[in-house]
Amino acid sequence: MGARLSIKPAADFCLPRDACSNGFMLLAPNRWSFGSQSLDRPLSLDGRAVRVRVSQPGASPDDCSSWGAPVGIAVDGALARDERAAVKQLIARMLRVHDDVQGLHDVDTRLRATGRGRISRSPTFFEDVIKTITSCNVQWGGTVAMNAGLCALSAGGAFPAAAKLARTRPATLRAKCRVGYRDVSIIRTAKLFASGNADPAWFEDPAREDDELFAALKRLPGVGPYAAGNLMQLLGRYSRLAIDTETLRHARTALGMTGDERALRKKVEAHYERFGAERFRVYWFELLAEYETKHGPIWMWSSDNGAGDITKP
DNA sequence: GGTAGACCTGGACGC
DNA sequence: GCGTCCAGGTCTACC
């Protein structure tokens, strides 16, 4: 008999809409089930993996009266009291269940009716960092394959812990996970986290200045301007864009901008500057709306049907 | 500070 | 089936 946990989320939280707000939800070890509108994945608890299924019965993005219902977590196995608290904390971080999105809706009123504003992430900052590194300089299919390979390294299929990756040889990562030249960056980053020289609490400290945080992120191996920008939003800092080729495509096709790459970057920065501290989220939900125009609501996509065409992050 | 080239993989394409 | 080319950010060397 497994444990059953419950989280009381923010009043406008809607699992299908808020979980499926980031392509990371389609990467291993996450599995979004289109049929049951639930999220399955293993979580690491002090070295052992427990499988969880997260659901919010009755929640529908199209029915605001269904938002805010309790989020249920079904755990495959029994949990000690401290483990129950840990599971709830990891899921709450991942889904941002308590985030307030009013500030975003104040600057972008288009999002009010949809309730959108939460961008999901990983249960841990370390997983966010490695997933971001695997999203650089590769097409989405490559990122999917790399994360599947990384999770295959761990018993139970959980995302590997920093200590585990720190002990892995570069050749093993290349051969089994197809990470290519990112092998050294991933292992160096894992060593920083495993040794305590990179402290998640330091990066997650809300008192940290954006500039200081961005500079520290760029010092992580394999993290450049794009990756640092993406990690900023994963840390809840939305004042910077994470400009990649998809941003430039959006600038050309949706915003009608022209020019070479340098010119486009300047125009994109100028375009979103008026949204201040909410720059990234305004950009991201514009991009998401564009995808959904082509492919339908993102919560109707599934990890089982090819992971869709969504790009990073 | 700006630029060029290497890094690796998978997909597209031509033969 | 095989070879070639290309796309995707980061890093380093160089100007």
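A cation-pi arrangement is present between A:Arg281 and A:Tyr238 under the rule of less than 6.0 angstrom and at most 45 degrees off the ring axis. No cation-pi contact links A:Arg116 to A:Trp284, judged by a cut-off of 6.0 Å to the six-membered ring centre and 45° from its axis.
Taking five base pairs at each end of the helix from B:dG1-C:dC15 to B:dC15-C:dG1 and finding the rotation axis that steps the C1' atoms of four pairs onto the next four gives two axes whose angle is 30°, to the nearest 10°.
A salt bridge links A:Arg237 to A:Asp210: at least one charged side-chain nitrogen sits closer than 4.0 Å to a carboxylate oxygen.
Atom P of nucleotide C:dG9 and atom CZ of A:Arg249 are separated by 12 Å, given to the nearest angstrom. A:Ile243 places its CD1 atom 16 Å from the C1' atom of C:dG8, with the value rounded to the nearest Å. With rounding to whole Å, A:Ile186 atom CD1 is found 14 Å from B:dC7 atom C1'.
Dashed line: the shortest gap from a side-chain N or O of A:Ser185 to OP1 or OP2 of C:dT10 is not under 4.0 Å.
The salt bridge (Lys or Arg N to Asp or Glu O under 4.0 Å) test with A:Arg118 singles out one residue from A:Asp12, A:Asp100, A:Asp99, and that residue is A:Asp12. Exactly one of A:Leu43, A:Leu45, A:Val50, A:Val75 qualifies for a side-chain contact (heavy atoms from CB on, under 4.5 Å) with A:Glu83. That residue is A:Leu45. Checked against A:Asp183 for a salt bridge (Lys or Arg N to Asp or Glu O under 4.0 Å), the options A:Arg174, A:Arg188, A:Arg178, A:Lys176 give a single hit: A:Arg174.
When atom types are taken as modelled, the side chain of A:Arg182 and the backbone of A:Val179 share a donor-acceptor pair closer than 3.5 angstrom. A:Ser154 places no side-chain N or O within donor-acceptor distance of the main-chain N or O of A:Leu150, the cut-off being under 3.5 Å. Of the possible polar contacts, none joining the A:Arg240 side chain to the A:Gln233 backbone as a donor-acceptor pair under 3.5 Å is found. Using a distance-only test at 3.5 Å, with no hydrogens or angles considered, no donor-acceptor pair links the side chain of A:Glu204 to the main chain of A:Ala201. Checking side-chain atoms of A:Trp67 against main-chain N and O of A:Ser60 turns up a donor-acceptor pair under 3.5 Å.
Among residue pairs with one or both ends in residues 177-204 of chain A, those qualifying as ring pair (Phe, Tyr, Trp, His ring centres under 6.0 Å) are A:Phe125-A:Phe193, A:Phe125-A:Phe203, A:Phe126-A:Phe193; sequence neighbours excluded.
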What protein N or O atoms touch nucleotides 1-3 of chain B N or O atoms at under 3.5 angstrom, if any, and at what distances?
from: B:dG2; atom 1: O3'; to: A:Arg262; atom 2: NH2; distance (Å): 3.4
from: B:dT3; atom 1: OP1; to: A:Arg262; atom 2: NH2; distance (Å): 3.2
from: B:dT3; atom 1: OP2; to: A:Arg262; atom 2: NH2; distance (Å): 2.6

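Residues from residues 215-225 of chain A with heavy atoms under 4.0 angstrom of DNA chain B: there are none.
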Exercise. What is the per-nucleotide protein-contact pattern of nucleotides 8-13 of chain B, from the 5' end, where B denotes a base atom under 4.0 Å from a protein heavy atom, S denotes such proximity for sugar-phosphate atoms only, and - denotes neither?
Worked result: SSS---
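With sequence neighbours excluded, the residues satisfying side-chain contact (heavy atoms from CB on, under 4.5 Å) with A:Ser6 are A:Pro70.
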